[in-house]
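Accompanying notes for the structure given below.
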Amino acid sequence: MSNPLPERTNRSGTDTLPRRCPAAILLCAIPAILIAQQPQRTDDAIYKQPSVPIEKRLDDLLSRMTLEEKARQLDLYTAATTIVDKHSDETHATADAVFLPAKAEALWGTLGVGGIHDLNPTPEQANAIQKWVITHSRLGIPAIFIEEGLHGFDTGTVYPAPINLAATWNPALAEQTATGIAAEARATGVHMILAPVLDLARDPRWGRIEEDFGEDPYLTGQLGLAYVRGAQGDSLDTDHNVVAEPKHFAGHGSPEGGTNTSPVHIGERELRSTMLKSFEPAFRQGHARAVMAAYHEIDGIPVTADPLLFETILRSEWGFKGFVLSDLGAIERLYNVHHVAATPKDAVCLANRSGVDMQFYDFPHEVFQQALIDCVREGSITAGDFDSSVRSVLRVKFELGLFDHPFLDTSLNSRAHRTKEHLAVSLQSARESMTLLKNDNHLLPLPKSTQRIAIIGPNAAIARYGDYEREENGSRISILQGIRTLLPQATVTSNDGKDIAAAVTTARKADIVILALGEYQGISGEGFDRSSLDLPGNQQQLLESVAATGKPVVLVLQNGRPLTIGWAKDHIPAILEAWYPGEFGGQAIAETLFGDNNPGGKLTITFPRSLGQLPVYYNADPSRMRKYVDDDGQPLFPFGFGLSYSTFTYNHLIAKALVPGRHNDVEVSVDVTNTGTREGDEVVQLYMHQDTSSVETPARALEGFSRIHLKPGETKTVTFAVPQHELEIWNAQGKWVAEPGQFTFWAGGSSLATLSTQIALKP
């Protein structure tokens, strides 16, 4: 992948050698650190002048800072359990908690603080802490407040999980979701959220599948770009935008055995061609200002010790200007897990040389900061590189406007918290994410005249949110509540399914049975990897027992990963995949089951038939053999698949020939017609393959998509513009090249699209 552990190049572009000092100027004999420690008048300092360009302000500020002050800027501190008098848990201060200056004094002294995390403050708490940090540090450098915000911030709007958002195939919803999360976070004094997750979900055993946008790099890249744009807006210097932090850089979604933080086995070509493609738009086009370095190693090189990722690709090739934050404990793993560093000091300095700027609770603060100072003094980290790390953090603080107006209007929170607009986006995202996997004999939509409805299963009466969200937050609309609200005249009963005999009795009394099965917090999410993808607990037995009653059965899944539901596919007439649809999930499910919402969601991750098929992602190379002696190798449900109450046909797929010597886009168009009796949405998908190339490439890869709405009988022409750089491959010589040859394009409603056309790229 790369030669490990080379000394980092000087990111600042400045000469790292000490400047010569005229002998007559005795001041040069005094160590710079002692000069910086002398009292300085900073009221009129350049770094405090808003009209001066940020880079000049940074130059001035860095010239005034001691090594200790610089090292402090690269450290992240927990706060709920350290500097306030009350906390509800380790990550949250209570709303009435009081800031304790004496605790802050003992923790931070006069050196300031880089970042503050795990506080989730009220606006008043954030202002009080920020004021103390500024007034009690020599240079008045503000802190950056960092919190989680994957699909909702703290007690704000609960949006559907990222796997739902991906199922909408709607970048506009991704942008609106991030806009809402950012506004609610910034209104409390938080400046940065640890999202989006742009790993490729290639092993469904991995518990964090639900946090991802799926297995495809193009789709993930476009949704990630939209998310970053929504969070960061046109400027970070506002009262409603925050820094977005794509994670986990990079390749984290394909761990060995599907277990979190395990090694990833790929080479540089696959890294660049696939794993990094999901991140690239967020940085090149979205200008994300932070990134999280992952835990794992790739081909033996730990991510936090790999300058190829952070220095060569992220900074040099992609022009990244933000800062790199390690995942929690990722630097420490260099010492105690990967064993590529003999001491904590070696681990800290190795990570910094490799391009990681800020630690995330890795080592005790004094150990981390002193290690950096010692390595700079010893020369194993150059002064220029160290300044570049500090500059990266400070630049983001300047861009956020924290030096010029560090405090927030405390009345803003009441206006930004759970607004009607934010709640509407959550509901719409839930509706658009509903993915219909089976509908034999048009069992769905169910008639609203149905009188007796039984909802059976562990997910019947609970709104499932997924990881990184508290299920006591939000409206908590369960399937049971959603159906009762939609059909007040019906008799709706529920049973959690723990007692299967009682559940069968409930089913026998109903006209229709809705089985609410799937997963829940504790078996899905970070750290909850599974060796089986079957329905958990007694759910398979419950499913078969209820189906044996002969009653019409609809299976509704709420889960964080694909499940091996082959029996259900063979025996249950209707299956709706709802994932973790947020606080309005039960409403969206009810509307879909009874026809008010025509499902248009599509799978963004392949459903395997069995564990033995893994990996089963759609965009494998042509040489991937899928046939077994006991299995034909075909997935249960393919990538991009999803039914509707409407039907759609595709015709007239046309690709315009490329003009030699010109770098114009490849224009591809297709006609899509609603041949059903209901209006509905279709996700039009475009796939591509180069028929012959110097290295093997995926049998087909997504290159465009568009969610469109069509009335019965309506036809729309959908046009895609595929940039020529999307035709490039990373060749055997380690170069991006567009090789002449023939390209095949397919268009359709899933990755199994059959309508095709071809174009040629001539020399």
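Quantities reported herein were computed from a predicted structural model and do not represent experimental measurements.
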- request: Check the pair His191, Val243 against side chain to side chain contact (heavy atoms under 4.5 Å, CB included), reporting the backbone distance first and the verdict last.
  value: CA-CA 6 Å; His191 311 114; Val243 174; 5.7 Å; no

message: Between Asp237 and Ser235, does the side chain to side chain donor-acceptor pair (under 3.5 Å) criterion hold? Intermediate values first, please.
response: CA-CA 5 Å; Asp237 188 3; Ser235 170; 5.4 Å; no

message: Between Asp199 and Trp206, is the side chain to side chain contact (heavy atoms under 4.5 Å, CB included) condition met? List the steps.
response: CA-CA 11 Å; Asp199 306 315; Trp206 188 46; 3.7 Å; yes

message: Set out, in order, the CA-CA distance, both residues' side-chain angles and the distance that settles side chain to side chain contact (heavy atoms under 4.5 Å, CB included) for His365 and Gln359, then state yes or no.
response: CA-CA 9 Å; His365 301 295; Gln359 82 154 347; 4.1 Å; yes

query: Which is it for Leu423 and Phe584 under the side chain to side chain contact (heavy atoms under 4.5 Å, CB included) test, yes or no, and what are the steps along the way?
result: CA-CA 9 Å; Leu423 298 176; Phe584 299 105; 4.0 Å; yes

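Within the 3.5 Å criterion, the main-chain N or O of Tyr159 finds no donor-acceptor partner in the side chain of Glu469. The backbone N or O of Leu328 lies less than 3.5 Å from a partner atom in the side chain of Tyr295, making a donor-acceptor pair. Judged by distance alone, the side chain of Lys397 and the main-chain N or O of Gly114 form a donor-acceptor pair under 3.5 Å. Put simply, the side chain of Asp306 never gets that close to the backbone of Ser354: no donor and acceptor are under 3.5 Å apart. Of the possible donor and acceptor atoms, one in the side chain of Asp409 sits under 3.5 Å from a partner among the backbone N and O of Ser411. A side-chain donor-acceptor contact under 3.5 Å links Thr188 to the backbone of Ala185. Put simply, the side chain of Arg391 never gets that close to the backbone of Leu58: no donor and acceptor are under 3.5 Å apart. Checked by atom type and distance alone, the side chain of Glu147 pairs as donor or acceptor with a backbone atom of Asn120 at under 3.5 Å. Remark: the backbone N or O of Ile477 is not paired with any side-chain donor or acceptor of Ser475 at under 3.5 angstrom. Under the 3.5 Å distance criterion, the side-chain polar atoms of Asp467 are matched with a main-chain donor or acceptor of Glu526.
Under a 4.0 Å N-O distance rule, the pair Glu471/Arg464 qualifies as a salt bridge. Electrostatic pairing of Arg57 and Asp404 counts as a salt bridge here, judged by a charged N lying under 4.0 Å from a carboxylate O. Contact check on Glu68 versus Arg377 returns a salt bridge, with a Lys/Arg side-chain nitrogen under 4.0 Å from an Asp/Glu carboxylate oxygen. Remark: Glu399 does not engage Lys321 in a salt bridge, criterion side-chain N to carboxylate O under 4.0 Å.
Between Val113 and Tyr77 the shortest heavy-atom distance is CG2-CD1, 3.4 Å. The two residues Lys56 and Ile46 have their closest heavy-atom pair at O-CG2, 4.1 Å. Scanning both residues, Ala293 and Val324, for their nearest heavy atoms gives CB-CG1, 4.0 Å. For the pair Glu184 and Ala416, the tightest heavy-atom approach, listed with the atom from each and the gap, is CG-O, 3.3 Å. The two residues Thr91 and Ala80 have their closest heavy-atom pair at C-CB, 3.9 Å. Closest heavy-atom contact between Asp212 and Val197: OD1-CG1, 2.9 Å.
More than 12 non-hydrogen atoms from other residues, nucleotides or ligands lie less than 6.0 angstrom from CZ of Phe398. Atom CD of Glu472 has more than 12 heavy atoms from other residues, nucleotides or ligands within 6.0 Å. With a 6.0 Å radius and a threshold of 12 heavy atoms from other residues, nucleotides or ligands, Asp234 has its CG atom at or below the threshold.
For the atom pair Ser426 OG and Gln587 CD, the distance stands at 10.0 Å (nearest 0.5 Å). Separating the CD atom in Gln73 from the CE atom in Met65 is a distance of 5.0 Å, to the nearest 0.5 Å. Remark: Ile83 CD1 to Leu107 CG distance equals 7.5 Å, nearest 0.5 Å.
Using cut-offs of 30° and 60° for the angle between ring planes, the His248 and His252 rings count as tilted. Between His117 and Tyr361, the ring planes lie tilted relative to each other; the angle falls in the 30° to 60° range.
Qualifying side chain to side chain contact (heavy atoms under 4.5 Å, CB included) partners for Glu332, counting only residues two or more places apart in sequence or in other chains: Asn336, Asp362, Phe363. For Pro246, the side chain to side chain contact (heavy atoms under 4.5 Å, CB included) partners at least two apart in sequence or on another chain are Pro196, Leu198, Val228, Phe279, Ala282, Phe283, Ala288.
Cation-pi geometry between Lys247 and Tyr468 is satisfied (NZ or CZ under 6.0 Å from the ring centre, within 45° of the ring normal).
Between Phe249 and Phe310, the distance from one ring center to the other falls under 6.0 angstrom.
Partner of Asp357 under the salt bridge (Lys or Arg N to Asp or Glu O under 4.0 Å) criterion, chosen from Arg315, Lys70, Arg289: Arg315.
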